[in-house]
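Notes to accompany the following structure.
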Amino acid sequence: MRKYFGRKIFVYALTFFAAVTINWMIPRFMPGDPVQSRLARASLSNPEASQAMRDYYNSVFGLDMPVWQQYLNFWGSLFKGDLGVSIWLFPTPVTEVIMDAVPYSLGLLLPAILLSWVIGNKFGAYAARSKWLDNTVLPVGYVLTATPYMWLALLLAWSLGIVGGFFPSSGAYSFALRPEFSWVFVSSLLEHWFLPFLSLFLVSLGGWAIGMRNMIIYELESEYANYLQALGAPRRLIRRYAFRNAMLPQLTGLAVQLGTVVAGALLTEIVFSYPGLGFLILQAIQNQDFFLLQGVFLFIVAGVLIANFIIDIVYVLVDPRTRIQMQGGAK
Amino acid sequence: MTAAQPLPDPATSPDAPVPALPEAPKREALYFALRNPKLLIGLGIVLAFLVTGILGPFFLSPDPNARIAPPGLPPSGEYWFGTTQFGQDIFTQFVYGIRATFLVGILGGVVAAVIGMAIGFVAGYKGGWVDEILNMITNVVLVLPTLAVLFILVAYMDSRGVMMQSFFIGLTSWPWAARAIRSQALSLSSRDFVDLARLSGVRTWKIIVRDIAPNMSSYLFMTLILLFGGAVLAAAGLDFVGLGPTDGTSLGLMMHQAVKWGALQLGVWWWFVPPGLGITAIVGSLYVMNVGLDEVFNPRLREM
């Protein structure tokens, strides 16, 4: 148990370290002093803010210090939770801006990821080795995985939102409302949540269905399935065993795909002007707000790493073999 | 398999490496390839787009962003895909966008394939601590959310071109390929013919290039196709947030413009439907083609 998790945590720590280092290096080593030119170009309306940004830049980057000192300082302020001040929403700290956006992104991502995974797996398992379903699920699945996230979002926003008028197509709740815990507000929240969720859910669905179908076919060809069949076990039983075995690679696949789905959520949020992290990224890029952009990046990396770790734990819970191996039992 | 075509068999030509597996003649692959609807349909669609992308621009205005027509026209006989709010012809942009899409796909895919193959082959063949270290690097890049990395990498560049974009995409999208190639190379490197080559003192890279790679060439080709598709989607995502090439146009950039100038609210559907449809058709056909190729190369998957 120690060794397995120790290894995993080591890789995650290394990844986080790499991400922070990339984050630190890019503004410093890109050709042509990008930070200075960005600050000069940043859309700051009042000169006071501009001066404050310049002071902040000088104190944070401390370019007269040796490079290793700058690097250590960067880590130091990171551990204090200090990611700088947003240029777009001056003078709000970046951490605060991000914290306001995170609940929206999580509210979109968690249901979309989990539901698409579960339902996609079910579809795929049914489709395997059944002619009719296979011929429909497979093409639809391939088209869905090939769809760019933002395009499906655009199509849904336009057809169901603007032409159909069934759901609102921008924002997280009606402009007429203030955030509060009331029925009106919650229902508005849900209405605005539905289309971005649906879009994200549909694009991810196809990949899981295809993956599960292929895994089930592979499992049904294996020795144990043939043996069970020779014994005269009912079809359903064989399929249930195949499904349990096929789940494990799909779980690993979930960990690998997380980054892609998160990126998809960012793009989807932009289409629907949904005030999550993706919307922040768009604002940061448009307003040349690089502290915000880098802060969001670190947050996303940390989130993906945590989710990966959770999946590792689930994997151990689901797969009895890893558990036995860890307790030093038979191989 | 009764196809007795009198084709020269490349697998038995004198300078080919010793085949390890029971002979898999190329003409058999060709026989199944020509009878595989998935492969043929996928390939047909991809080729149609490729030809449009290569030849189309020669018949159209040299500047896809030129304002040559009345703004906001719906699709018609004269302007096939309609025009934008600025009077740009959407069909012209679309054709140039397809060209950019293939360029990004090929460049990004090849860069990723080269890195993935280098790391995968060396890790799988060498094993030991080399494998450990390369595996660690692969895992680190694998869990990094690619598009987010690309956002901050590209956002700091002053001028962005298609070349730079594809290079960065290739630089971040290789890990899964490296993993897959590593496991294949690992199983091949314990075969007798590789042992023989090693015993006779052949250099490592030569063994990899002449003995291992040719035996998994079909696998490598399919990996390249998937990397191509991934690069196209990544580029579309980058373009869509406004980090696309600063010169010219692309399918993702068209969608970015459409959203930026309110095509949704104005109901100008012909502005954002074609670019997305183009990407979906190209990438989707590539995926379907890949399934077809898998069936051609892997006899167990053939429906016969």
Side-chain angles (χ1 to χ4, degrees), chain A residues 10-12 14-15 18-19 22-23 26-27 30-32 34-35 37-38 138-139 142-143 145-152 154-155 157-158 161-163 169-170 217 221 255-256 258-260 262-264 266-267 270-271 278 281-282 284-286 290 293-294 296-297 300-301 303-305 308, chain B residues 38 42 135-137 139-153 155-158 175-176 179 229-230 232-234 236-237 240-243 251-252 255-256 258-260 263-267 269 272-273 275-277 279-288 290-291 300-301:
Chain A
F10 179 67
V11 168
Y12 297 148
L14 205 64
T15 311
I22 292 175
N23 217 357
I26 286 177
M30 275 286 193
V35 173
S37 71
R38 274 343 182 270
L138 206 57
Y142 277 112
V143 170
T145 33
T147 311
Y149 281 94
M150 60 281 188
W151 188 57
L152 190 69
L154 280 169
L155 289 184
W158 177 64
I162 286 169
V163 175
S169 63
S170 90
I217 289 182
E221 273 173 8
V256 174
L258 266 180
T260 316
V262 170
L266 302 179
L267 298 173
I270 291 175
V271 172
I281 285 186
L282 183 73
I285 289 171
Q286 281 178 356
F290 285 81
L293 188 62
Q294 297 199 309
V296 173
F297 169 71
I300 293 173
V301 171
V304 168
L305 292 181
N308 261 287
Chain B
K38 291 190 188 101
N135 223 348
M136 199 66 90
I137 297 174
N139 281 337
V140 165
V141 184
L142 191 70
V143 277
L144 274 179
T146 313
L147 204 61
V149 180
L150 286 173
F151 282 155
I152 64 160
L153 263 177
Y156 268 106
M157 304 198 347
D158 279 321
W176 70 264
R179 255 192 179 185
V232 167
L233 289 179
F240 181 70
V241 293
L243 294 175
L251 296 180
M255 284 192 267
H256 170 71
V259 170
K260 192 174 174 189
L264 265 179
Q265 288 75 21
L266 297 167
W269 54 266
F272 58 80
V273 170
L277 196 62
I279 295 173
T280 311
I282 293 173
V283 179
S285 319
L286 281 172
Y287 288 169
V288 171
N290 224 20
V291 180
R300 286 174 63 193
L301 294 175

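Convention: sequence-line order gives letters A, B, ...; per-chain numbering from 1. For clarity, every value in this text was computed on a predicted model and none was experimentally measured.
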Distance-minimising heavy-atom pair for [X] and [Y]:
{"X": "A:Val11", "Y": "B:Val140", "answer": "O-CG2, 4.1 Å"}
{"X": "A:Pro148", "Y": "B:Gly276", "answer": "CD-O, 4.3 Å"}
{"X": "A:Ala146", "Y": "B:Gly284", "answer": "CB-N, 3.2 Å"}

Quick one: side chain to side chain contact (heavy atoms under 4.5 Å, CB included) partners of A:Thr147, sequence neighbours excluded?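 Here the qualifying residues are A:Val143, A:Trp151, A:Leu152, B:Thr280.
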
Does A:Ile22 have any side chain to side chain contact (heavy atoms under 4.5 Å, CB included) partners at least two apart in sequence or in another chain, and if so, which?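 So A:Ile22 forms a side chain to side chain contact (heavy atoms under 4.5 Å, CB included) with A:Ile26, B:Leu144, B:Ile152.
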
Give, as side chain, backbone, both or neither, the part of [X] having an atom under 4.5 angstrom from any heavy atom of chain B.
{"X": "A:Leu305", "value": "side chain"}
{"X": "A:Leu154", "value": "both"}
{"X": "A:Ile285", "value": "side chain"}
{"X": "A:Tyr149", "value": "neither"}
{"X": "A:Thr145", "value": "both"}
{"X": "A:Leu266", "value": "side chain"}

Of the backbone (N, CA, C, O) and the side chain (C-beta and beyond), which part of B:Leu264 lies under 4.5 Å from a heavy atom of chain A, both, or neither?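 Contact with chain A is through both the backbone and side chain of B:Leu264.
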
What part of B:Val232 gets within 4.5 angstrom of chain A, counting heavy atoms only: side chain, backbone, both, or neither?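 It is neither, since no heavy atom gets under 4.5 Å.
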
Let me see the working for B:Val291 and A:Tyr142 under side chain to side chain contact (heavy atoms under 4.5 Å, CB included), right down to the final yes or no. CA-CA 10 Å; B:Val291 180; A:Tyr142 277 112; 2.9 Å; yes

Would you compute the distance between atom [atom1] of [X] and atom [atom2] of [Y] and round it to the nearest 0.5 angstrom?
{"X": "A:Phe297", "Y": "B:Leu150", "atom1": "CZ", "atom2": "CG", "result": "9.5 Å"}
{"X": "A:Leu282", "Y": "B:Lys260", "atom1": "CG", "atom2": "NZ", "result": "9.5 Å"}
{"X": "B:Tyr287", "Y": "A:Leu138", "atom1": "OH", "atom2": "CG", "result": "13.5 Å"}

Check: [Y] and [X] side chains under 4.5 Å, non-hydrogen atoms:
{"X": "A:Trp158", "Y": "B:Phe272", "value": "yes"}
{"X": "A:Val163", "Y": "B:Trp269", "value": "no"}
{"X": "B:Met136", "Y": "A:Phe10", "value": "yes"}
{"X": "A:Val262", "Y": "B:Pro145", "value": "no"}

Between B:Val149, B:Leu286, B:Val259, B:Val288, which has the largest tally of heavy atom pairs under 4.5 Å with chain A?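 Winner by heavy-atom pair count: B:Val149.
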
Under the criterion side chain to side chain contact (heavy atoms under 4.5 Å, CB included), I'd like the reasoning laid out for A:Thr260 against B:Leu233: C-alpha separation, chi angles, the key distance, then a yes or no. CA-CA 10 Å; A:Thr260 316; B:Leu233 289 179; over 6 Å; no

Hey, which of A:Asn308, A:Val256, A:Thr15 is the one that makes side-chain contact (heavy atoms from CB on, under 4.5 Å) with B:Leu142?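 Exactly one candidate clears the test, A:Val256.
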
